[in-house]
Every structure is written in structure tokens, then in C-alpha cells.
Amino acid sequence: GTLGMGFFMALGGVLQAYLGQQVTALLGGWTLSLGVFLSAFTVQEGLVPFVATYAALFGLGMSLAYTAPMQCLMLWLPEHKGLATGLTMLGYGLGAFVFDPMQAA
């Protein structure tokens with residue numbers, strides 16, 4: 001997921017310029033959900049199909065959904081873009097920290 005997210009992050013910025021933040025974030029949510037859904041089936045088929053669905057589709061969806069709040073915060077805090085990016089990354093990391101144990105329980 002993270003590797004695919006790194007590859008597709010620039011695409012999120014380009015799509016936001018054409019489609020807007022809301023549509024790009026919604027498209028990202030649908031794409032990452034599709035990646036997780038298809039991964040449930042491809043994990044039984046082997047490593048390559050699983051990586052194709054999880055890393056590619058989930059990574060693409062996360063990069064699209066992740067760029068929208070980052071750009072929004074940078075527009076709200078134009079003199080503190082580093083802080084805005086850091087807050088977005090903090091929310092992303094804390095979300096994983098909180099929800100991963102909930103999913104494993």
C-alpha cells in the first residue's frame with residue numbers, strides 16, 4: 001500500500017487540479033475500497049495478484065484520498081505549509097495507531 005501510494009501521490013495533485021478536492025477524495029475512497037475488496041479474493045491466488053490489487057489499487061486510492069486534506073490544510077495555513085503537512089501526516093499515522101488494534105481484536 002505505501003509503495004503504491006508513493007508512486008501515485010503526484011497523480012492526486014494533478015487530478016485535484018482538474019476534478020477538485022472532493023471528487024478526488026471520493027474517487028480515492030472508492031479505489032482503495034475496491035483494492036481491499038479484491039485483495040480478499042486474490043490473496044488465495046498468490047503473491048503477484050495480491051500485490052497487484054493491494055499495492056496498486058489500495059496505494060492509488062490512498063494517494064488520491066491523502067492529497068486532498070494535505071492540500072486543503074496547506075491552503076488554510078499558507079505561511080505554515082510544513083506544519084500543515086505535518087498535521088496531515090500525524091492524523092494519518094495516529095489513525096493507523098488507533099484503528100489497527102481495533103481491527104485485530
Heavy-atom closest pair (Thr42 atom, Pro49 atom, distance to 0.1 Å) is OG1-O, 3.6 Å
What distance do Leu15 atom CG and Thr67 atom OG1 have between them, rounded to the nearest 0.5 Å? 8.0 Å
Locate the shortest heavy-atom distance separating Gly29 from Ala65; write the atom from each residue and the value. N-CB, 4.4 Å
Do you reckon Leu57 sits in the same ILVMFWY cluster as Phe41, going by side-chain contacts under 4.5 Å, direct or chained? yes
Linking I/L/V/M/F/W/Y whenever their side-chain heavy atoms sit closer than 4.5 Å, directly or via other members, would Met74 and Met9 fall into one cluster? yes
Inter-residue atom distance Leu64.CG - Leu27.CG, 0.5 Å rounding: 5.5 Å
Verify the cluster assignment for Met62 and Trp30: are they in a single hydrophobic cluster under the rule of side-chain heavy atoms below 4.5 Å apart? no
Grab the two heavy atoms, one from Ala40 and one from Val43, that are nearest each other, plus how far apart they are. O-CG1, 3.6 Å
Of all heavy-atom pairs linking Phe58 and Tyr54, the shortest is CB-O, 2.7 Å
Out of curiosity, His80 NE2 to Thr85 OG1, how far, rounded to the nearest 0.5 Å? 12.5 Å
Nearest 0.5 Å, please: how far is CE in Met70 from CD in Gln21? 12.0 Å
Do Val23 and Leu11 share a hydrophobic cluster, counting only Ile, Leu, Val, Met, Phe, Trp and Tyr and linking them when any side-chain heavy atoms are less than 4.5 Å apart? yes
So how far is it from Tyr18 OH to Thr24 OG1, rounded to the nearest 0.5 Å? 12.0 Å
About how many Å separate CG of Leu75 and NZ of Lys81, when rounded to the nearest 0.5 Å? 7.5 Å
From the options Leu38, Leu32, Val36, select the one residue that forms a side chain to side chain contact (heavy atoms under 4.5 Å, CB included) with Leu34. Leu38
